[in-house]
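Basis for what follows: all heavy atoms, side chains included, without hydrogens, waters or symmetry-related copies.
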Amino acid sequence: MKRWDLQPTQIALVDVNNFYVSSERAFDPAIRRKPVAVYSNNDGCVIARCAEVKAMGVKMGVPVFEVRQLFKARGVVTRSSNYELYHDMSTRFTASLEQFCPEVEQYSIDESFLHFHGFGEQLSEHCQRLIAAVRQWTSMPCCAGIAPTRTLAKAANHFAKTLGVPGGVLQIGSEYHRQQLLQQMPAGEVWGVGRRLAKRLAMLDIHTAWDLATAHVPTIRKAFGVTLERTVRELQGVSCIELAPLDQAKHEIVSGRMFGRLLTQFEDVMAAVANHVQLAAEKLAAQDGVTGRLTTTVQARESGGGWRHLSAHAEFRPATKDTQALTAAARRALNEVFVAGREYRRASVCFSALERAQEQQDDLFGITNDGKDRLTDCLADINRRFGRGGAVLASARLSDEWQMKREHLSPAYTTDFRQLPVARTE
DNA sequence: TCTGGGGTCCTAGGACCC
DNA sequence: TCTGGGGTCCTAGGACCC
């Protein structure tokens, strides 16, 4: 029998249970024993639920209006997304993991892959101590799945949660164990298999993760491409999915959002666009980048009632980070697609063709934009020191009709002195 | 009446080159 | 009538992730 737990390299996937809910509960003991749900931006749909709310049958992503009555009747506490809080809790979580593993690969806001080499049979206990420590240091519950590949570690983590294993750690220990688990797992639950792929796989009579792991690889390759082939090999125990480091410069930067209500006026939509240009420009500055291409996209209502994406783009040579030039280009692009009298519900801005500022090629004609870049740097600096919105171009503030709804927002417990939680002793 | 936001990778197809 | 082969680069779109 192949011993999977004694392979020289083991990967643990550790993630926080119901991360947004757990973050909300961390600073508000009053809701620790109550059912809690967290809403998306704009209070549009449900994006996090505690176990009790999941048990009520509330699915990820359901529109809020569908569950409002249920939540009221069952006393569910609701919160708008509080990303300042979540990011801070995420930093604390990752820092805790680093106390237990030198090789932490952060994958998303609430989960990391931990790489262990030559740990032998003690790894499971080590991860149990890790989970207890995270609980003590951050108050957040988490689980770990351990296996030789990322995809199998994800699967193990899935079972650590759903089977409620003691200590919150599940390690795939043997060939038999791997088979047992994968046979219980629907193919659509496998990391990298979404709804559409699951449907197409079902037509080939592939229903479980085990079916997928034992499928004919060349057939999979031919029908679904190299991405799914890699998933199959990972399920077989061959590590072949690498992750790009999180701190690597992004290839594109997007900022976009639904409006708090439908808009019809050009300047209202433009105010949102200008704000997104500013946010994207700050992210661009953070990676010391410049952009060669800007795309403005809006969603407009069609005469039939459906929604349609309309977009136009502008190019920059040389590439730039000048917020004024970017905003002006975004305005021209919006002008190309905006039709008076239509309703709009969303705007977004995407920077692509990104380059590093230092490696930027000189323009053939020696055109530079030194002075304007200094203004951009200065704005970014002010916003870093005084918080978002400390200084913006006037065009981004002409209208705030587009601002999103956040009617159930919790305080910024950890990032704003005025909102620190207060502890009292009796 | 109300349905998020920000990313990634891969593929196919067109334009263009010698 | 018969109309190459191989390569690069770019873009749009599809699928996935949390």
Side-chain angles (χ1 to χ4, degrees), chain A residues 13 15-20 37-48 58-69 80-83 86-87 90 93 106-113 150-151 154 157-158 187-201 221-231 234 240-262 272 275-276 279-280 282-284 286-287 292-293 295 297 299 301 305-307 309 311 313 315 343 345-354 404-407:
Chain A
L13 176 74
D15 73 345
V16 178
N17 305 347
N18 319 319
F19 176 61
Y20 292 175
V38 177
Y39 293 162
S40 67
N41 272 329
N42 238 350
D43 294 344
C45 55
V46 177
I47 54 168
V58 176
K59 301 272 183 243
M60 173 78 174
V62 295
V64 166
F65 71 89
E66 282 180 15
V67 290
R68 198 170 274 138
Q69 289 305 315
S80 304
S81 313
N82 182 344
Y83 290 103
Y86 308 151
H87 271 115
S90 176
F93 171 64
Q106 193 185 348
Y107 171 60
S108 76
I109 191 165
D110 76 327
E111 63 190 310
S112 287
F113 290 105
R150 291 181 181 81
T151 305
K154 282 283 256 185
N157 178 283
H158 169 79
E189 299 275 329
V190 173
W191 186 44
V193 181
R195 273 218 317 280
R196 290 172 197 250
L197 275 181
K199 233 181 202 169
R200 288 174 57 202
L201 287 169
R221 168 72 184 240
K222 192 151 188 285
F224 300 95
V226 66
T227 315
L228 194 64
E229 178 189 352
R230 286 204 271 256
T231 296
E234 287 244 328
C240 53
I241 295 179
E242 295 296 325
L243 299 180
L246 225 59
D247 54 5
Q248 196 169 298
K250 304 211 180 308
H251 299 151
E252 50 187 26
I253 291 172
V254 184
S255 179
R257 197 150 289 169
M258 307 278 293
F259 308 136
R261 61 179 185 79
L262 296 180
N275 203 269
H276 291 307
L279 292 174
E282 283 169 21
K283 292 184 211 168
L284 187 65
Q287 65 177 45
R293 186 183 168 97
T295 308
T297 305
Q299 258 185 59
R301 199 197 296 270
W307 294 93
H309 289 90
S311 65
H313 66 260
E315 311 221 333
E343 288 179 314
R345 68 170 183 183
R346 185 180 200 280
S348 67
V349 167
C350 178
F351 296 168
S352 50
L354 305 185
M404 65 179 173
K405 286 188 294 205
R406 295 215 286 185
E407 290 173 354

Discussion item. Parallel, tilted or perpendicular: which one describes the rings of A:H87 and A:Y83, with boundaries at 30° and 60°?
Written reply: tilted
Response to the item:
In terms of heavy-atom contacts, A:E343 and A:W307 come closest through O-CZ3, 3.8 Å
Discussion item. By the 4.0 Å heavy-atom rule, please label A:V64 as base, sugar-phosphate, or nothing.
Written reply: nothing
Worksheet item: How would you label the contact of A:L197 with the nucleic acid (heavy atoms, under 4.0 Å): base, sugar-phosphate, or nothing?
Response: sugar-phosphate
Worksheet, complete the sentence: Across all chains, not counting sequence neighbours, the side-chain hydrogen bond (donor to acceptor under 3.5 Å, both in side chains) partners of A:S255 are A:H276
Item to complete: Would you mind classifying the nucleic acid contact of A:E111 as base, sugar-phosphate or nothing, using non-hydrogen atoms under 4.0 angstrom?
Response: sugar-phosphate
Item to complete: Identify, between A:R230 and A:W307, the residue whose nearest nucleotide on DNA chain B lies closer to the 5' end.
Response: A:W307
Worksheet item: Relative to each other, are the rings of A:Y107 and A:F113 parallel, tilted or perpendicular (30° and 60° limits)?
Response: tilted
Worksheet item: Under the side-chain contact (heavy atoms from CB on, under 4.5 Å) test, which residues partner A:S311, sequence neighbours left out?
Response: A:T295, A:T297
Practice prompt. Please determine, by modelled atom types, if A:N41 and A:S81 share a side-chain donor-acceptor pair under 3.5 angstrom.
Written response: no
Worksheet item: side-chain hydrogen bond (donor to acceptor under 3.5 Å, both in side chains) with A:R68: which residues, sequence neighbours excluded?
Response: none
Worksheet entry | Paired stretches of DNA chain B - 3 or more consecutive Watson-Crick or G-U pairs, each distance under 3.5 Å | B:5-18 with C:5-18
Discussion item. My understanding is that only residues two or more places apart in sequence, or in another chain, count here; which of them pass side-chain contact (heavy atoms from CB on, under 4.5 Å) with A:V254?
Written reply: A:C350
Worksheet item: What does A:V38 touch in the nucleic acid at a heavy-atom separation under 4.0 angstrom: a base, only the sugar-phosphate, or nothing?
Response: nothing
Item to complete: Classify the nucleic acid contact of A:K59 as base, sugar-phosphate or nothing, counting any heavy atom under 4.0 Å across all strands shown.
Response: nothing
Worksheet item: Base, sugar-phosphate alone, or nothing: which one does A:V193 contact when heavy atoms must sit under 4.0 Å apart?
Response: sugar-phosphate
Item to complete: Nearest-nucleotide wise, let me know which of A:R301 and A:G225 is further upstream toward the 5' end of DNA chain B.
Response: A:R301
Worksheet item: Hey, does A:D43 reach any base, or is it just sugar-phosphate, or nothing, if we go heavy atoms under 4.0 Å?
Response: nothing
Practice prompt. Assign A:R200 to base, sugar-phosphate, or nothing according to its heavy-atom contacts below 4.0 angstrom with the strands shown.
Written response: nothing
Practice prompt. Mind checking A:S348 for me? I need base, sugar-phosphate or nothing, with any heavy atom below 4.0 Å counting as a touch.
Written response: nothing
Response to the item:
5'-most to 3'-most nt of DNA chain C touching chain A (<4.0 Å, heavy-atom partner on protein side) reads C:dT11 to C:dC18
Worksheet item: In whole Å, what separates the C1' atom of C:dC17 from that of B:dG4?
Response: 14 Å
Fill in: A:E234 vs A:T151, side chain to side chain donor-acceptor pair (under 3.5 Å): CA-CA, chis, key distance, verdict
CA-CA 6 Å; A:E234 287 244 328; A:T151 305; 2.7 Å; yes
